[in-house]
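First the structure, in the form of structure tokens, and then the observations on it.
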Amino acid sequence: MRKLYKNIFRSIKSKILLSFFGCVVLPSILFIGIFLHSYSGYILESTVSEKQNVLHEINKSMNQYLSGYKDTSMNIYYNDTIRSYLDGNDYETESDSIGSFLAGIVNSEKYISAAVMEVGGHTYQAGYNYLDLDSWLDQWRSKILERKGRVVWLPTEQFSCTYGQKPYQFVMARAVNSPEESIGILLFFITADFFGDCFSNPAFQERGTAFYLITDTCQVVSSDEEEAIATVVDTPLFQQALSMDEGDFVYQDTDTGEKSIVVCEKSSVSGWTLVTVTAEKEAYQKLHTIRKMAVIIGILYAGFMLLAYYILSAYVFRPVQRLGKGLKKVSAGEFLPIEEEKESESQDEISHVIHRYNEMVDHIEKLMGEIREEEQAKNAERIKVLAMQISPHFVYNTLNTIKWMAVANRQENISRMIESLIKMMRGVTYNMNEEISLREELELLECYVYIQKMRFLNFEVEIEIPEELLDLKVNKLVLQPFVENCIQHAFKESEEMGVIRISAQIADGALEIRIADNGSGFDTQKLEKTGDGIRREDHIGIPNVSERIRLNYGEAYGIRIESQTGKGTTVYVRLPLLFAEEKGGKKQEERDDSSGNR
């Protein structure tokens, strides 16, 4: 994942494009997504709220009309003539006033197209003349009488009348009662135009919206779909609508998968339920338009990004890439200029940078040429000087001559001193490596110790270092200054034989060399605080060793001195674990000898 992240953000081109996408495109997409989600909820709420308000107003208007019809049907009890007839128990004689009463109702009420009253075997009728009235009365009579005078609302049916008329009408009916019992029935046939006027609200004229007035048995009383009137729509949608007196829900058709927004409200007068069904796709038509606009905006964004990519590539990415390649060549030692744009083209900041880069390359190339010429001249002069200097080999050869003269005169000590001095000089001058093996360091130390013993006879050196540590690398002449310090200071006033013990071990992942003596010692608190506790003006070699270790290996390595007056001094030299490379052993020595004898 980290590698993928580095690859993506490696180039400035990727960073700019991703920054533009993250700061502009992505927030825009998120904003549009949140807006569409919020607007979708708003559309649903506004659609439901609008339909609920309309249904409430329609129900209120319809209930007002229906309540008026109920009151009108009660007028038979307020008409004295009809009341005396109903209370007289003489129903075999027809009543002229009932027919007149019914005719008056039909003529005065706009939507009542017929009125029928059946009493004592006589049927009184005003308005439409129904051909199959007796069969309808036989079908409804028992249901009406069971209500004992309470209103019964009968759903819309298509009736057959004289002159070929077949109107759709619904019926309000109630039983006619005498003081003792129910003696007949009264029916008002109300034309279906009643619903047309009630449902003339523009909200029902919207595309994708259908309305239904249904009974508790799912029979359609009225609807904007004429073919559904007087039919039974026993579907899960209407069953769910009937299960609530008032409310809304979103219904999804199991066959087509289409969703509809359903709002319903029940009439408190008729007991019928008014249902509006709005196709969700129609309600969300505006949302679909916004979605299309969002897609168009997305395409425009993509086009803008491509255009921006082309412009940035031409004027930013490619020039920066050329500049990067030029710098890479410079780091490889090739000082080649970058091709610049034509003067007629736009000269922006990057073009100026490339121009300055070319000037810098030209200037560096000139400086390097001058430096090469100057170095060549210096080298020529240096060769002349070296040719005039005495070669170090002359010194070695002279010392060798003195050594062999000492041998010829049987002066073994002088011969060995000169041989030790030659080895030390060869180790210092010919071996240019800063680091040598611990084995080589001990060999140089032995040469130095032998020479010093010719001057001072009051000390011995004991070396106890494991064989496996002799191949570790150490700084050249890292031990000699400490041995010299012991010889010149530790045993200066001592009458006993001085002993210098040199040991080594691996401690805490580092090489620790210990140089201990049994000399006079000193008070370490009197040392000047210089980090390693060494006075620079009194000791030159030891501070030099300390500084070399610090510069080569860091602050974790160095020198630590412990001393106590009269009990000797111990120096700890801490170095990293570095293994020396093999140099060919004897062959290397032979090369050194041959060079020293020339």
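By convention here, the first residue in the shown sequence is residue 1. These numbers come from a predicted model, not from an experiment.
With respect to E435 and K476, no salt bridge is recorded, no charged nitrogen being found less than 4.0 Å from a carboxylate O. A salt bridge between E462 and R501 is present, with a side-chain N of the basic residue lying under 4.0 Å from a carboxylate O of the acidic one. Using a cut-off of 4.0 Å between Lys/Arg side-chain N and Asp/Glu carboxylate O, E562 and R560 are scored as salt-bridged. Checked for salt-bridge contact, R550 and E555 meet the test: a charged N lies under 4.0 Å from a carboxylate O.
Counting heavy atoms from C-beta outward, Y557 and P576 have side chains that approach closer than 4.5 Å. In this structure, F491 and D517 have side chains that are in contact, with non-hydrogen atoms separated by less than 4.5 Å. Contact check for R574 versus D508: side-chain heavy atoms found under the 4.5 Å cut-off. At a threshold of 4.5 Å between non-hydrogen side-chain atoms, the residues N475 and V545 do not count as touching. Under the 4.5 Å side-chain criterion, counting only non-hydrogen atoms from C-beta, I500 is in contact with I515. The shortest side-chain heavy-atom distance between Q564 and F522 does not fall under the 4.5 Å cut-off.
Side chain of E441 to backbone of L479: a donor-acceptor contact under 3.5 angstrom is found. No donor-acceptor pair under 3.5 Å is formed between the side chain of D471 and the backbone N or O of F579. Distance alone, capped at 3.5 Å, is enough to place a donor-acceptor pair between the S563 side chain and the G568 backbone. In this structure, the side chain of R439 does not engage the main chain of L469 through any donor-acceptor pair within 3.5 Å. The backbone N or O of S49 lies less than 3.5 Å from a partner atom in the side chain of N53, making a donor-acceptor pair. A donor-acceptor pair is defined here as one N or O able to donate and one able to accept, closer than 3.5 Å; such a pair exists between the side chain of N518 and the backbone of V499.
No side-chain donor-acceptor contact under 3.5 Å links E446 and Y450.
Within the structure, side chain to side chain donor-acceptor pair (under 3.5 Å) contacts touching residues 247-257 (residues at least two apart or in different chains) are Q52-D248.
Scanning for salt bridge (charged side-chain N to carboxylate O under 4.0 Å, His left out) contacts around K453 gives E460, with sequence neighbours left out. Every residue two or more places apart in sequence or in another chain was checked for a side-chain hydrogen bond (donor to acceptor under 3.5 Å, both in side chains) with E468, and none qualifies.
With rounding to the nearest 0.5 angstrom, the CZ atom of R514 is 12.0 Å from the CD1 atom of I465.
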Which is it for V478 and I549 under the side chain to side chain contact (heavy atoms under 4.5 Å, CB included) test, yes or no, and what are the steps along the way? CA-CA 9 Å; V478 73; I549 294 174; 4.2 Å; yes
